[in-house]
Amino acid sequence: MCGIVGYIGDLQAKSIVLKGLKQLEYRGYDSAGIALMQEDTLQHTIFKDIGRVSHLASLVDSVSDARLGIGHTRWATHGPVTQANAHPHQSRNGRFLVVHNGVIENYKQLIKDYLNDEVLKSQTDSEVIVNLIALFAKTNPVPIAILKTLNLLEGSYALLILDQDNPTVLYGAKHKSPLLLGKCPKGHILASDMLAMCEEATHFYAIPDQTLLTLSEQHVDLSNLEGESLTLTYEHLEMDALQCDLGNHPHYMLKEIYEQPTVIRRIVEKYYEESLLSDEFIQKIKAAERLYILAAGTSLNAGYIGKVLIERLANIPVEVHIASEFAYHPPLLVKKPVFIMISQSGETADLRACLINIKKLGFPIFTITNVKTSTLAREADDFLEIFAGPEIAVASTKAYTAQIAVLAILSEALGHHYDMRSKLAQVAQSMDYFLSQASHVQNLVKMLLTKRNAFYIGRGLDYFVCLEAALKLKEISYIQTEGFAAGELKHGTIALIEKDTPVIAIISSLSIAANTESNLQEVKARGAKALVIATDDLNLSDVDIVLNHVDALLTPMVTVLPAQMIAYYAAHMLGYDIDKPRNLAKSVTVE
Ligand code: M6R
């Protein structure tokens with residue numbers, strides 16, 4: 001959701017910024033822009049348009065040798081998808097240029113108080129920022145003008161600012177929206193995430209909130225919003241550009257689906273060989289009267305599985321809440337709660353809103369995340385990493401199974417020995433087996449799905465997998481899909497079943513197999529086209545996708561794989577942009 005990249009140094013800014021924007025495409029966007037500053041002529045050039053970064057690249061002059069540039073991918077919030085609303089935005093006097101990720105909540109008031117609204121060329125909240133800077137710069141040095149502006153802003157921002165009168169400086173500022181500083185052998189990069197800098201930078205710094213940065217090729221000055229200097233401590237950047245490479249796969253989603261067995265093995269190795277769960281950490285959680293899992297989307301669906309794992313293995317009650325609901329409608333809490341935030345990106349704004357509230361109450365929070373430098377990892381008391389490697393496709397796949405694996409290891413550590421290590425190894429094997437012959441799912445998809453609608457049904461853990469399966473199918477194929485508790489269908493929703501409605505049943509446990517099968521008969525009797533995904537230990541007849549069985553509590557890690565493939569092939573069949581589905585962003589940094 002909006003990505004920003006800026007570079008200052010001795011290399012060609014154009015190629016570094018465009019490459020960075022390309023790497024940020026996965027975050028989701030609808031328009032893109034770049035501004036390049038020519039040091040010798042004090043001239044800047046702006047290119048921006050709706051559409052892809054490849055289109056933007058085709059607009060940028062091939063000759064630009066500028067050493068300073070800023071770029072942006074916009075995911076529309078304020079104002080529709082138009083060229084005028086795309087970033088960079090320029091001040092009315094032409095002196096300053098800004099790219100912005102975040103939301104300025106009081107922008108209308110700021111226009112009223114400080115700016116004549118006739119001057120604004122876009123409908124964005126961001127354009128206010130650049131005009132405020134220009135206004136204050138009339139009577140103040142630029143850093144003071146920026147600080148004055150930042151102190152007026154309510155909401156969230158990661159900002160890059162160019163001053164045409166000073167082409168040797170790049171300004172950056174951060175509050176609540178992600179922004180990292182990268183140190184390169186020849187210059188500095190500011191970007192929304194590491195992927196945009198992993199080819200150039202050797203070290204990074206996770207910029208704290210309420211910080212202003214003043215960068216030149218050699219130097220970085222940091223200050224807080226009162227103008228007091230801050231110290232900078234770099235960390236080594238471990239990410240390898242190859243991790244983001246598509247390899248032989250046509251899409252990131254497929255690549256990431258196929259990476260799952262490797263990710264599970266990596267998690268097992270990390271957690272068991274390196275003893276990542278300290279006694280102190282486990283004791284802190286064990287002291288809880290109740291655990292509260294907060295998450296959104298796929299991470300929420302992993303949270304439901306986590307609840308079952310923790311309650312069964314550790315005997316601690318767990319509630320699972322949708323983050324955006326919890327933030328404003330929290331339930332009655334027990335006296336000694338511990339909060340678990342699950343977030344692949346670690347940047348989800350709905351979760352951050354929860355985190356701020358919970359911190360005020362003084363309760364312990366830890367995050368389960370794929371990005372150890374993320375806001376939620378840094379701001380929680382502790383975090384557990386899922387080691388899935390960069391997840392680029394908007395549709396989350398490997399993060400889901402990795403989150404469940406970490407929750408399973410945690411559950412064992414909180415409870416009793418369960419031989420989780422070898423049970424997870426068996427999961428990886430079962431995943432390998434399915435993936436080795438998964439291409440036949442393509443034919444099943446062609447026979448079963450139409451554009452209209454679909455249902456996933458299941459009971460118990462299978463029901464929670466149905467929620468994730470339905471989310472996957474709808475978000476990339478745009479087929480309206482519901483994940484349903486099989487037994488609940490007959491209480492209303494069965495009215496939607498008609499001739500050829502696709503219904504996919506997930507069955508992984510003997511105790512519920514007969515019931516789910518009879519629910520399937522009920523829908524078939526009303527004309528539904530059925531497809532059954534089941535594990536081999538059940539010995540059911542009429543199964544379309546048979547999976548090697550695994551431990552009863554870990555079945556979601558295996559039964560979700562066919563659902564991921566069904567979604568992938570459905571989007572493929574319908575000709576959609578699989579890795580970048582419409583309207584969606586990878587990390588959702590607005591509430
Ligand atoms: O980064 P997070 O795990 O916090 O993201 C939460 C959701 O936005 C995310 O899981 C979303 O639902 C996925 N696109 C689903 O595939």
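Note that these values count all heavy atoms, side chains included, but never hydrogens, waters or copies made by symmetry. Computed from a predicted model, the values in this text were never measured in an experiment.
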**OP:** Could you please spell out the steps behind the side chain to side chain contact (heavy atoms under 4.5 Å, CB included) verdict for Ile340 and Val318?
**Re:** CA-CA 10 Å; Ile340 307 176; Val318 182; over 6 Å; no
**OP:** Could you please spell out the steps behind the side chain to side chain contact (heavy atoms under 4.5 Å, CB included) verdict for Ser126 and Tyr157?
**Re:** CA-CA 9 Å; Ser126 314; Tyr157 54 79; over 6 Å; no
Subject >> side chain to side chain donor-acceptor pair (under 3.5 Å) assessment of Gln260 paired with Thr401 >> reply: CA-CA 7 Å; Gln260 290 176 102; Thr401 44; 2.7 Å; yes
**OP:** Dump the intermediate steps for side chain to side chain contact (heavy atoms under 4.5 Å, CB included) on Ile316 and Val338, then the final yes or no.
**Re:** CA-CA 11 Å; Ile316 305 172; Val338 167; over 6 Å; no
**OP:** For the pair Val445 and Val441, evaluate side chain to side chain contact (heavy atoms under 4.5 Å, CB included) and give the outcome as yes or no after the intermediate values.
**Re:** CA-CA 6 Å; Val445 164; Val441 171; 4.1 Å; yes
Original post:
Is there a ring pair (Phe, Tyr, Trp, His ring centres under 6.0 Å) between Tyr478 and Tyr576 once you walk through the steps?
Top reply: CA-CA 9 Å; Tyr478 318 141; Tyr576 295 131; 4.4 Å; yes
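Side-chain atoms of Leu300 and Ile342, non-hydrogen and from C-beta on, never get closer than 4.5 Å to each other. Within the 4.5 Å cutoff, no side-chain heavy atoms of Lys48 are placed close to those of His72. Two residues are said to be in side-chain contact when any heavy atoms from C-beta on lie closer than 4.5 Å; Asp462 and Thr516 fail this criterion. Between Phe366 and Leu410 there is a side-chain heavy-atom pair separated by less than 4.5 Å. Val558 places none of its side-chain heavy atoms less than 4.5 Å from the side chain of Phe434. Side chains of Thr348 and Met341 form no contact here, defined as non-hydrogen atoms less than 4.5 Å apart. Side-chain contact between Leu414 and Ile285 is present, with at least one heavy-atom pair separated by less than 4.5 Å. Residues Thr501 and Val523 have side chains not in contact (no heavy-atom distance under 4.5 Å, counting atoms from C-beta outward).
In this structure a side-chain-to-backbone donor-acceptor pair under 3.5 Å is missing from Lys472 to Ile566. With hydrogens and angles ignored, the 3.5 Å screen pairs a side-chain donor or acceptor of His87 with a backbone N or O of His100. Of the possible polar contacts, none joining the Ser430 side chain to the Gln426 backbone as a donor-acceptor pair under 3.5 Å is found. A side-chain donor-acceptor contact under 3.5 Å links Ser177 to the backbone of Asn101. Although no hydrogens or angles enter the test, the distance criterion places no donor-acceptor pair under 3.5 Å between the side chain of Thr369 and the main chain of Ala377. Judged by distance alone, with hydrogens and angles left aside, the side-chain atoms of Glu256 form a donor-acceptor pair with the main-chain N or O of Ala393 at under 3.5 Å. Between the Asp579 side chain and the Tyr252 main chain, a donor and an acceptor come within less than 3.5 Å of each other. Distance alone, capped at 3.5 Å, is enough to place a donor-acceptor pair between the Thr481 side chain and the Ile479 backbone. Checking side-chain atoms of Asn85 against main-chain N and O of Gln123 turns up a donor-acceptor pair under 3.5 Å. Remark: the backbone N or O of Gly389 is paired with a side-chain donor or acceptor of Asn370 at under 3.5 angstrom.
When all heavy atoms of Val81 and Arg74 are compared, the closest pair comes out as CA-NH1, 4.0 Å. Between Ile476 and Pro581, the shortest heavy-atom contact is CG2-CG, 3.9 Å. Across all their heavy atoms, Val394 and Tyr26 have their closest contact at CG2-O, 3.3 Å. The two residues Ile356 and Lys176 come nearest to each other via the heavy atoms CD1-CE, 4.5 Å. Closest approach of Leu540 to Ala534, counting heavy atoms only: CD1-CB, 4.0 Å. Of all heavy-atom pairs between Asp125 and Gly102, the closest is OD2-O, 3.9 Å.
Going from atom CG of Asn515 over to atom CZ of Arg459 covers 4.0 Å, rounded to the nearest 0.5 Å. Rounding to the nearest 0.5 angstrom, the gap separating the CD atom in Glu517 from the CD1 atom in Ile507 is 5.0 Å. Atoms CD and OH, from Glu385 and Tyr271 in turn, are 7.0 Å apart once rounded to the nearest 0.5 Å. A distance of 5.5 Å separates CD in Glu347 from OG in Ser374, rounded to the nearest 0.5 Å. Taking CG of Leu18 as the start and CD1 of Ile34 as the end, the distance is 4.0 Å to the nearest 0.5 Å. The structure places CG of Leu24 at 5.5 Å from OG1 of Thr73, a figure rounded to the nearest 0.5 Å.
A salt bridge is absent between Glu522 and Arg526; no separation between the charged side-chain nitrogens and carboxylate oxygens falls under 4.0 Å. Glu498 and Arg452 are joined by a salt bridge, as a carboxylate oxygen and a charged side-chain nitrogen come within less than 4.0 angstrom of each other. Between Arg265 and Asp432 a salt bridge is recorded (basic side-chain N to carboxylate O distance below 4.0 Å).
A side-chain donor-acceptor contact under 3.5 Å links Glu127 and Ser122. Defined by atom type and a distance below 3.5 Å, a donor-acceptor pair is present between the side-chain atoms of Ser299 and Gln403. Using modelled atom types and a 3.5 Å distance limit, the side chains of Tyr29 and Glu25 yield a donor-acceptor pair. Defined by atom type and a distance below 3.5 Å, a donor-acceptor pair is present between the side-chain atoms of Thr555 and Ser508. Inspection of the Thr397 and Gln564 side chains reveals no N or O donor paired with an N or O acceptor under 3.5 Å.
Within 6.0 Å of the NE2 atom in His491, the count of heavy atoms belonging to other residues, nucleotides or ligands exceeds 12. The number of heavy-atom neighbours closer than 6.0 Å to CG of Asn315, taken from other residues, nucleotides and ligands shown, is 12 or below. Shown here is Gln480, whose CD atom has no more than 12 heavy atoms of other residues, nucleotides or ligands within 6.0 Å. In this structure, Lys490 places its NZ atom where more than 12 heavy-atom neighbours from other residues, nucleotides or ligands lie under 6.0 Å away.
Here the rule is ring pair (Phe, Tyr, Trp, His ring centres under 6.0 Å) with His321, and of Tyr328, Phe339, Phe326 only Phe326 fits it. Among the candidates Lys398, Lys255, Lys586, the single residue satisfying the salt bridge (Lys or Arg N to Asp or Glu O under 4.0 Å) test with Glu391 is Lys586.
Note: Tyr107 and His78 have perpendicular aromatic rings, judged against thresholds of 30 and 60 degrees for the angle between ring planes. The aromatic rings of His251 and Tyr568 lie perpendicular to each other, with more than 60° between the two planes, well past the 30° mark.
Because its NZ or CZ atom is not both nearer than 6.0 Å to the ring centre of Phe383 and within 45° of the ring axis, Lys372 does not count as a cation-pi partner of that residue.
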